[in-house]
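Structure first, then comments.
Below, chain A is the first sequence line, B the second, and so on; all start at residue 1. Just the heavy atoms: all of them, side chains too, but no hydrogens, waters or symmetry mates, feed the values below.
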Amino acid sequence: MRNIPDKNVMLFKSCLVSGEYPGVESSTKYVFDKVGIEYIADDRQSCCTGLGHYSDVYDQFSTTVIGGRNFNIAKKTNHAKIAMMCSTCYAIHKKVAKLLNNNEKVREDVNNVYEEANLSEMKYEEGSIDSSNNIFHVIELLYNKKDEIGKNIKIDLSKFRIATHHACHYCKIQYEDAIKGFRDPTILDDLIKSCGVETVGWYDHKRATCGAGFRQRFVNRDLSMKVTSDKLLSLNEEKIDILVHMCPNCQMQFDRYQPFIGKELNIDFNIFHLNIVQLIAFLMGADPYKVMGIQTHTVPIEPLIEKVK
Amino acid sequence: MDTLKIDENPLDLAEKILKDIKSSEGMGLLKCIQCGMCTSMCPGARNSDYNPRDMIERVLEGDETIIEDENIWNCFYCYTCHSICPVGNSACEVNQILRQMAINKGIANDKVRPFTGFIDVMMDLGLGKIPSIFHDDLTRDIGEEWKEKNLHLDEIREELGLKPLSMPKESIKEIRSLLKLTKLDKRVEKINE
Amino acid sequence: MIKMYDTKPPISPKLDLRVGVFICRCGGNISDIVDIEKVKEFINAEVVEEFENLCSLNGRKIIRDSIVNKDLDRVVIAACSPITHEKTFQDYIQPLNPYLMDMANLREQCSWIHENPKKATEKSITLINASIEKVRQSQVVDPILCQTPESAAVIGAGISGINAALSLAKQGVKTYLIEKKASIGGNMVKIGKVFSPVKLAEECGMCLLNPIMNETIWHENIEIMTNTKVLSTERRAGNFNILLESNPRYVDEKKCISCGKCIDACPVEVPNRWDDGLSMRKAIYKPFSQSYPDAYTIDMENCEKCGKCMRKCPMDAIYLKGEKEITPLNVGAVVLATGHKTFDPELRPEYGYNRYEDVITQSELGRIMGVNGPTKGKLKMLSKDQVPRRIVMIQCVGSRDEKPDGHGYCSKVCCMVALKNANIIKHKYPDTDVIICYTDMRTPGMYEKYYKHGQDNGIRLIRGRPGEVNKKGDCLVVRVEDTLQRKFTEIETDMVVLSTAIEPSKGSEEIADIMDIGLTEDLFIKETHPKIKPVATDVKGAYVCGTAQGPKDITDSIMQANAAASKVAEIMNDGLEIEPFVAEIDDEKCNLCEDCISICKYKAMSIKDDQVYIDPMSCSGCGKCLTVCKPRAINIHGNIDEKIFATISGMLKDKKEGERRMLVFLDQVGYTAADNIGVNRIYYPESIYIIKVHSVNRVMPKHIIYALENGADGVFIGEYPGDLMYQEVEKKMNQIREEIKEHDMDPERLQFSNVYIPYFRGLANKFKEFDDKIGAMP
C-alpha cells in the first residue's frame, strides 16, 4: 500500500490549471487548508512538458531532464511529496521517476546534462524520488482525508445526478498505483460519497477518454469531437446534472466544447463541469468567484449555484 | 504472395521498439496474441481506421511501412489498451515510439510542426501554454469569452489570490540551457524545415 | 596470512584396521590399459587380490573367503563405477556391514578415459589408495527401514478425493475422507451435465457421480468425515499425526430421516450456495437431494435459534447446542484433494456482472440448465421470464490475463465448458443464437470432435476478446473486435455468460500452510516435479490430485486421483528403506534455537515433543543444518566429513614434483555424467581426480582449503542446477573464493560449474579447460 502524505507536500502547478481553470488551484489550496495538509508551491517549478510531450514534439530524454529538475526543487525544499492537479503532470513524472531509477544509462546521461549546464546540484540520485511514494494526485491526498472533508460539508447536492470522469493519465498509465481501481475507477465516486452524495456510478463510456487526445483536439477536431460526444450522449441519456473531473485537460474538453457539440448535434446538453476540488470547495461554502473561479468556465456554473440556493 | 526470406528477422522492428527509452520495462510486445481487446476499447478504432491490434501485428511482422501509416496519428494516448492488455503489451507506447520513428525519419514534420509552439513557450517562459497558432480555431469553436479570459487572466488570478503566471528569470535560463543541451532546439529546427 | 585450518587432516589414520583390496580386470576393460601387477606392487593393504570378473559369483567367493579367513575390517573394490555395481558389492561383502566397502572407479574414470598406460596405472594406484584411506574412516551404519501405518487421509471429498479414497480403500488401505462442507461431492454435483467427447453428447453429471458416491459411502475401508477440517499435522517418517476439528451438524444424522418437515418450519431464508445464489434455501437445509450424509444440517451463521424446526421434527433429531469436536488421527500418508474455486467476476467490473442481472457465469448457467436447478432446467433470463434471443459467452475471464488479480495460466476447461453449455442450449433452444467470443479455442485430442459438433449445431464463434459489456435500451451490448474480419463490433444480446478462471481454493492454501507444503507461483499445490513426479509434493508421503494441483477437467482429476492412490499404496506395501546418511540430533546439546528448521530446504526438521525431530524420510543428508547449528548438536551418520578429508588426503598423497592434480567433487548426478564420459570413451587429462559425495553441499570450506594447501592445484565443484541446494552452493562458492584469497591463493583455483547427465561432453570439455587454466597459472 502507498503511504499518502499530508505534509511535506509540493503542490505542483499545472499549466492548464493556471491558464484555463485557475479556480482549481485556489480551490485546492482552500481545501488543503481546511483539512490540514501542509504544502508549498514553488515558482521555480516548470511545466512538466506534458502537452507538448504527448503531442510528440518533445523527446522522452528532454522530458526526463526537465522532470529531474523539478524533482530537485521538491527535494531541496524538503517537500518531496509532489501532488499534481493534472493527471498528465502525474503520469509524466511517474514515468520520469521510473526511468531515472531503473535505467542507469538514462540517469547518467541526464546527470551529464546537468553537469554540462553547471547545475551539478541537480544531479539525480537513484531512488531519491520513488514513482509510487513521492508522486501523487491531489485527489489521493483528499481521499486520505475524506472523513475530514465530510465534516466540513455545508451544502446538500443529493437532488442532482452526478457522474464522474476519471482521468486516463491517472488511472491507466501507472495503473498499479491507482487507488480504488482502474477498470472501473471509483476514487472520485468515493470522494463525492464522503461529501454525502451518491453518484450514478458506472455509465456507458465511463472509462472512455475525454477525447482531447492531445494533438486530436487541435488538428483532428472532428475525430476528437466524436469521442467527446459519445460520452456526452451517454451522460445525457443518464440525465446527468454534474460531471466531476480531476484533470484540467478533460475539464477543458467537456466544458469548452459542450456547447459546440450541442450545436453540431442539435442537442441541448445541460451538464455542469466541475473539478472535484471545486466541487468540494463549493460544498464547504467557498466563494464561487474568489475561490472556485467559475468565471473562467464556458458552461456557466451560476445556474447550479442558483438551484442550490 | 509474400516470401519470408531465410535470413529475414521480422522481429528486428519489435526489438528496436522494446529498446526505446519510451518502452515500459518488461513490456509484453512479443507476447501479443492478437486478441483484439485493445481495439475493442480504443476510441481511435471506434471512430477511425486506426486499429491498435493490427498495428502491433504489423510491427511483429517487421512491416516498416507502419511508420508511414497515416492511421497511427489517430491514437488518443488514452492508454486504455495499455491498462487492459492481458499480456502486458502497450499499443499506446508502441504507437508513440512509431511516431517518434516517423519524426526522426523526417516524414512527420507536417504532423508535429503545429505543436512546436509548446517548446517555444517553454523556452521563453518555462510554461506549457496552448500555442497561439491554435487560438483562432479555439476562439471560433468555444467563443469569444475564451479569448477574453486569456486577456484578463492575471486579473482573474489576482481575484483568486494567485500570483501572475511567471517563473524567475534564473529558472527560465536553466530550462533554456538544459533543453539546448538535450538538442531540443535542433529537433525543433529540423521539424520546422 | 590467516591460518584457519590445519594442514593435517583433522582425522586419525586408524591404521589398526585390516583392509582388503580386490582388483577387477573386467575382461581387459581395465587391465588392457592399467598394469595390474604394478598396481598390486604399490598397494599397502592386508590383502590385495585380483580377478578377471569380480562381479561374478566366483568373485563373490574370493571376496567372502578373504573377509572371513583374513579377518578383514574394510574392503576396497577397484573395479567399475559404484553407480553400476555398488549394490552388488555391498551384498558380496556380507557379513561385513555394506557401508564398510568403497569402490575405486578404475574403469569409467581411468582406463576408459586415459590412453597412456603408465599414467593410467599411476592414477589407479592413487584412486585405490584414496579409497583405502576413505574406507578406514567408514563406520557401521544400518539402512533405516520405515514402516508406515496402513492408513491414509484424503483431504477434500470432491470428485478427486472420492476417487482417491475409493482406490485406496480397494487396495486395502484404511482411508479417512475429510470434507469441510456438510456433504461430499464437491463442485461436480453442481455442474448438471458433463460432455462426452466420444459420444458427442452431454450426460447427466449426477448420474455418473452418484454411484461412485454410494460406493464410497458403503465401502468398509472408508470413513467419511464431513463438516471437518484439518487443524494441524505433524509428520514422522511416513507417520502423520493429524488433528481434525468437526463442526456440529445440529441434526443427528442417525436419527434424521430427511422428511423435510423442518424446512417448512424454518423462517430464515438465505441465498442457496449450491445454486450459486440463484435460489433461496432455509437456515436448516440439505445441500442437495443426493447429499451424503443424507441428513439435514443447520447453518448456524444464519440460524436465529427460534426452535421452530425442533418442535416440528418427528424424530427429535435436532439439537441447537453443539460443540466443536477435535479428533486425532494417525495415518501413513495424506492425499490433498482440496479442489478449486472460480475467479470473482467483480474483479473485471467492465463485464458488468454486478450491474446487470443477465450477466452470469458459466457455473450459474450450469445451474440454470440443470433440471435440479432454480428454473428446473428451463433457460430463462434472470431479469425477465423470457428465453434469451442471444447469448454471448466471454472466454478467459481472469485466465490468460497478466493484469492485477488475473492469472497468467489457461484454465484449461473453459473452452469445453462453454461448448458444452452452448451445445445444450442449441439442442433445446435452437432459436437462441449462441456466440462464443474466444482468444483461442483449446480443445486438444478428442475434444476437437466435440468442438466441430458444436459448430455443426450452429454455435457461432467470434475471435476476439471483449473489452466491455454495457446496457443500451433493453439489450446488453458486448464490445469486441472480430479480429478475423478486422471489424470493431457491438453485439446486442440478452444474456452474457462469463467463463471465469479456475483458481486455487482457500482450502488448498490453508492445508499447504498447515502442512508446510510448497505452492506454485499461482498458489496451487506444487508437485515435486511437474513432468515426472506429477502427484508427489515436497512433503514425503503427501500427494496431490485434482484441481488442487492445477486446472483440469473431471477425467484428468480422476486419473490423477488414482495415481496419487497408487503412490500411497507403494509406501504402504513396500515399506521404505532409507539411506542412512541422514542428520541426527543430540538433544543434550540442542538449544532449540530452530535455526536448522528454518534453513532446511527439504523440510525434514520440526519440533516434536519439545525436541527437534529429523524426519529420515525427508532428510537428504545435505548438511546445511550443520553449518547453522551453533551448539554443534547435529551430526550426520556415517562420518561423511572425515571420509571427505581422508579421500582428499589419499588423492594427494603420492603426488610428484611438477605433477598437476585437480580434485573434482560431484554428487550422484555429476558422477553419472562423468561415468558417461568414460562409457563414450572421451579423453580428459589424467590430472582430474573425481571424488563422489552425497551432496556437494557437504564439501565444506575447510575441505577445499585443506585440499589446496596440501597439493591440490585446483578444486572443481559440479552441481545440477535443478538441485534444491544449487543456489545455496553457488552462494557459498563466492564466500569460499574470498577465504581462498585470504589464504594467499588464487581464488580462480576453485571452479563451480553446472553439470547435466546428457551433457557429458560439456563436462569433459570443462575438465580440459580447467586443466589448461590451472596449467597456465604461475
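The candidate with the highest count of non-hydrogen atom pairs below 4.5 Å against chain B, out of Asn102(A), Ile73(A), Asp42(A), is Asn102(A). Most heavy-atom pairs under 4.5 Å with chain B, from the set Leu51(A), Val219(A), Val113(A), Thr209(A): that is Leu51(A).
Ring pair Tyr79(B)/Tyr54(A) is perpendicular by interplanar angle, where above 60° counts as perpendicular and below 30° as parallel.
Judged by distance alone, the side chains of Trp146(B) and Glu20(A) do bring a donor and an acceptor atom under 3.5 Å apart. Looking at Glu159(B) and Gln295(A), their side chains do bring a donor and an acceptor atom within 3.5 Å of each other.
The two residues Tyr114(A) and Leu178(B) make their nearest non-hydrogen contact at CD2-CD2, 3.7 Å. Taking all atoms of both residues into account, the shortest heavy-atom contact from Tyr58(A) to Arg187(B) is O-NH2, 3.5 Å.
Contact annotation for Lys105(A): neither backbone nor side-chain heavy atoms come within less than 4.5 Å of a heavy atom of chain B. Of the two parts of Asn118(A), neither the backbone nor the side chain holds a non-hydrogen atom closer than 4.5 Å to a non-hydrogen atom of chain B. Within the 4.5 angstrom heavy-atom criterion, only side-chain atoms of Cys15(A), from C-beta onward, approach chain B. In this structure, the portion of Tyr175(A) lying under 4.5 Å from any heavy atom of chain B is its side chain and not its backbone.
In this structure, the side chain of Lys98(A) does not engage the main chain of Ser24(B) through any donor-acceptor pair within 3.5 Å. At distances below 3.5 Å, at least one donor-acceptor pair connects side-chain atoms of Gln216(A) with backbone N or O atoms of Trp73(B).
Residues Asp230(A) and Arg46(B) are in side-chain contact: their nearest non-hydrogen atoms beyond the backbone lie under 4.5 Å apart. At least one side-chain heavy atom of Leu119(A) sits under 4.5 Å from a side-chain heavy atom of Glu174(B).
For Tyr77(B) and His169(A), the ring centers are positioned 6.0 Å apart or more.
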